[in-house]
Amino acid sequence: MAAYWLFKSEPDVFSYDHLVRNKREGWDGVRNYQARNFMREMKVGDKGIFYHSNATPPGVAGVCRVAKTAEPDPTQFDPGSKYYDPASKPSDPRWDWVTVAPVKKLPFVSLDELKSIPELAECRLLAKGNRLSVMPLTEHEFEAIVAHATSRRR
DNA sequence: GCCAACGTTGGC
DNA sequence: GCCAACGTTGGC
């Protein structure tokens, strides 16, 4: 059964349009164990909401999918990378990435609008102090976001 | 730029 | 194992 996820990215660094241009991308730089463990649960074909954080305004930009399951994130071994982790050894990698691909760009839904969607009342994204860059969504939450983005008048 | 939230680190 | 210090995230 397919699962649903939310991926955060700062659009100044990597936006949904970048993903569309690149066709697929390793989701690098996750250095949080909880987020990493979620990525390890992902299966090919799982759907994701692509969220722009640290943006003006922040919000949802599109739908993506998991194109490849978790494998070691190579940036952890690259001393020139901002994601370099000297404590991680190739023989025992600490951090993984998954490969994601674009599915459909959505009309932008700002964080303010997300807060108004009743189905998202329990969503971790909207919880105070939430900093997880990768988190699970229920199918219900996923569909509510897509429906909100695509059904409203523009 | 500020600051609240929260994860990680390291001394003890 | 506790907890203070520190770093990062992310909304504003």
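Every chain is numbered from 1, with letters handed out A, B, ... down the list of sequences. We use all heavy atoms of the structure for the numbers below, so side chains are in, but hydrogens, waters and symmetry mates are not.
- Whole-Å rounding puts the A:Lys115 NZ to C:dG11 P distance at 8 Å.
- In this structure, A:Lys8 reaches the C:dG10 phosphate: one of its side-chain N or O atoms is under 4.0 Å from OP1 or OP2.
- For the pair A:Gln76 (side chain) and A:Trp95 (backbone), a donor-acceptor distance under 3.5 Å is present.
- Mapping A:Ala55 and A:Arg131 onto DNA chain C by nearest heavy atom places A:Arg131 at the nucleotide closer to the 5' end.
- Of the side-chain N and O atoms in A:Tyr33, none sit less than 4.0 angstrom from OP1 or OP2 of B:dC6.
- Legend: residues meeting side-chain hydrogen bond (donor to acceptor under 3.5 Å, both in side chains) with A:Ser53, ordered by chain and number and at least two apart, are absent.
- Taking 3.5 Å as the limit, the base of C:dT8 and the side chain of A:Arg31 contain no donor-acceptor pair of atoms between them.
- The stretch residues 116-130 of chain A touches DNA chain B through A:Lys128, A:Gly129, each having a heavy atom within less than 4.0 Å of the strand.
- Under a hydrophobic-cluster definition in which Ile, Leu, Val, Met, Phe, Trp and Tyr are linked whenever side-chain heavy atoms come within less than 4.5 Å, directly or via other members, A:Val103 and A:Leu137 are assigned to the same cluster.
- Aromatic ring orientation, A:Phe50 versus A:His52: perpendicular (interplanar angle above 60°, classes split at 30° and 60°).
- As rounded to whole Å, 16 Å separates atom P of C:dG7 from atom NZ of A:Lys82.
- Electrostatic pairing of A:Arg36 and A:Asp73 does not count as a salt bridge here, judged by no charged N lying under 4.0 Å from a carboxylate O.
- Residue A:Asn32 contributes atom CG, which lies 13 Å from atom C1' of B:dA5 at whole-angstrom precision.
- The nearest whole Å value for the distance from the CH2 atom in A:Trp95 to the P atom in B:dG7 is 13 Å.
- No donor-acceptor pair under 3.5 Å is formed between the side chain of A:Glu119 and the backbone N or O of A:His140.
- Counting to the nearest Å, the P atom of C:dG10 and the CG atom of A:Asp12 are 13 Å from each other.
- One can place CD of A:Glu10 at 12 Å from C1' of C:dG11, the figure rounded to the nearest angstrom.
- Look at CZ on A:Arg94: it is 10 Å from C1' on B:dT8, rounded to the nearest Å.
- The interatomic distance linking A:Tyr51 (OH) with C:dG10 (C1') rounds to 8 Å, in whole Å.
- Between A:Arg31 and A:Asp85 there is no salt bridge, since no side-chain N of the basic residue sits under 4.0 Å from a carboxylate O of the acidic one.
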